[in-house]
Amino acid sequence: MKLSPAMIEAMNKQINLELSSAYVYLGMAAWCDNAHFRGSARWFRAQSKEEVEHAMKLYRYLAEYDAPVTMAAIPAPKAEYGSLLETFEGALAHERMVSASIEKLYELAMSEKAHALAVQLQWFLTEQVEEEMVARKAVGSLKVVGDDMVAKMEVDRYFGSRGE
Ligand code: FEO
């Protein structure tokens, strides 16, 4: 089974997007650490690690087809946020963008009749449902507590229960 040059290029772009996501989340973690939201910083560091795992999953898929993996530049992530809520809203917007990219990748695999790869990419389709849901819940929690700093620190502590 061989992948087309267009499919290989799209897969490599997705690898870059996943690694860029890891950097975006590390930027959010750094902002949270500087703002003393230690739990959220831990949450974002865990998310960053997950993104590297996503990239490596795609990397392994390409290797299985004997297709070349190519590296590209990773843009610097945003460093400044106006609030903790803004970081999680950023995460949700980012995940929606990644979901759209995965859907296009899946559609390309289907249109190219790369059936086995399409099956492999289904893991990413369902993963994105979870990724969006988790970010959406975090945004919802922060909206509920609003400017109540005590409640916000409690939510931050809860976010920190996510394992790294
Ligand atoms: Fe790898 Fe959060 O998408």
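Order of listing sets the numbers, starting from 1, for every ligand and every atom in it. FYI, side chains are in, hydrogens and waters are out, and symmetry mates aren't considered; it's all heavy atoms of this structure.
Atom 1 (Fe) of ligand 1 lies at 2.8 Å or more from every N, O or S atom belonging to E131. Under 2.8 Å from atom 2 (Fe) of ligand 1 lies no N/O/S atom of E127, from backbone or side chain alike.
Among the heteroatoms counted here (N, O or S) of E18, OE1 is the one nearest to atom 1 (Fe) of ligand 1. Taking atom 1 (Fe) of ligand 1 as reference, H54 places its N/O/S atom ND1 nearest. Atom 1 (Fe) of ligand 1 sits nearest to atom OE1 when only the N, O or S atoms of E51 are considered.
Counted by atom type alone, R38 and H36 present one or more donor-acceptor pairs between their side chains at under 3.5 Å. Donor-acceptor pairing under 3.5 Å is lacking for the side chains of Q14 and Y61.
A salt bridge links E154 with R157: at least one charged nitrogen is closer than 4.0 Å to a carboxylate oxygen. Ionic pairing of E9 and K13 is present here: one or more N-O contacts between side-chain nitrogen and carboxylate oxygen are shorter than 4.0 angstrom.
When side chains are defined from C-beta on, L142 counts as touching K152, because their heavy atoms get closer than 4.5 Å.
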